[in-house]
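Let me begin by presenting the structure, written as structure tokens, before commenting on it.
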Amino acid sequence: MMTSCGQQSLNVLAVLSLLISAVLSAHFRVCEPYTDHKGRYHFGFHCPRLSDNKTFILCCHHNNTVFKYCCNETEFQAVMQANLTAGSEGYMHK
């Protein structure tokens with residue numbers, strides 16, 4: 001039988017694991033601010049925006065100085081050349 005201290009340790013580890021996973025996935029759900037090739041500043045935003053399809057939860061862009069937009073997992077993997085399911089961390093750059 002597990003002691004209450006042992007159970008608390010397992011609970012803490014489970015919570016930490018969930019938090020780390022959420023932080024990693026949240027990073028790609030925010031389109032960070034950028035300046036485009038004409039020098040115009042664009043504010044960052046969270047995905048999906050109110051006008052977006054609810055499956056557009058990730059930020060796509062071809063590099064940090066071009067139009068950023070919310071996209072779905074399939075488009076994200078194609079545009080960003082990334083595999084979201086390859087590793088336990090959730091995001092692996094090819």
Side-chain angles (χ1 to χ4, degrees):
M1 185 165 191
M2 188 177 291
T3 65
S4 66
C5 183
Q7 182 61 41
Q8 280 183 319
S9 295
L10 285 176
N11 289 343
V12 168
L13 287 173
V15 169
L16 285 175
S17 175
L18 288 172
L19 286 173
I20 290 170
S21 175
V23 167
L24 287 173
S25 67
H27 174 74
F28 300 104
R29 293 177 185 213
V30 174
C31 285
E32 296 179 349
Y34 65 100
T35 303
D36 66 20
H37 66 282
K38 292 183 178 180
R40 288 182 291 201
Y41 181 81
H42 297 269
F43 291 96
F45 52 91
H46 291 271
C47 294
R49 293 173 291 192
L50 292 175
S51 60
D52 288 332
N53 181 307
K54 298 303 174 205
T55 64
F56 292 3
I57 61 172
L58 300 167
C59 182
C60 285
H61 54 87
H62 294 277
N63 65 44
N64 279 335
T65 60
V66 297
F67 180 69
K68 292 184 180 183
Y69 58 97
C70 297
C71 59
N72 62 24
E73 279 189 38
T74 303
E75 185 175 2
F76 181 84
Q77 291 185 70
V79 171
M80 303 295 288
Q81 296 181 350
N83 186 342
L84 295 173
T85 58
S88 59
E89 292 82 31
Y91 172 83
M92 305 272 304
H93 214 354
K94 288 184 181 178

- request: Could you check if a side-chain atom of His62 sits within less than 4.5 angstrom of a side-chain atom of Met80, using non-hydrogen atoms only?
  value: no

task: Using only the SG atoms, establish whether Cys71 and Cys60 come within less than 2.5 Å of one another.
output: yes

query: Roughly how far, to the nearest 0.5 Å, is CD of Glu73 from CD1 of Ile57?
result: 5.5 Å

message: Taking the ring of Phe43 and the ring of Phe45, is the distance between their centroids below 6.0 Å?
response: no

- prompt: Which heavy atom in Leu58 sits nearest to a heavy atom in Cys47, and how many Å separate them?
  reply: O-SG, 3.7 Å

Check SG atoms, Cys31 and Cys59, less than 2.5 Å apart: yes

statement: Rounded to the nearest 0.5 Å, the CZ atom of Phe67 sits from the NE2 atom of His61 at a distance of 12.0 Å

field: Approximate separation, where rounding is to 0.5 Å, of His42 NE2 and Thr35 OG1
entry: 8.0 Å

message: Looking at Lys68 and Glu32, would you say the former's side chain and the latter's main chain have a donor-acceptor pair under 3.5 Å?
response: yes

- request: For the pair Phe56 and Phe76, evaluate side-chain contact (heavy atoms from CB on, under 4.5 Å) and give the outcome as yes or no after the intermediate values.
  value: CA-CA 9 Å; Phe56 292 3; Phe76 181 84; over 6 Å; no

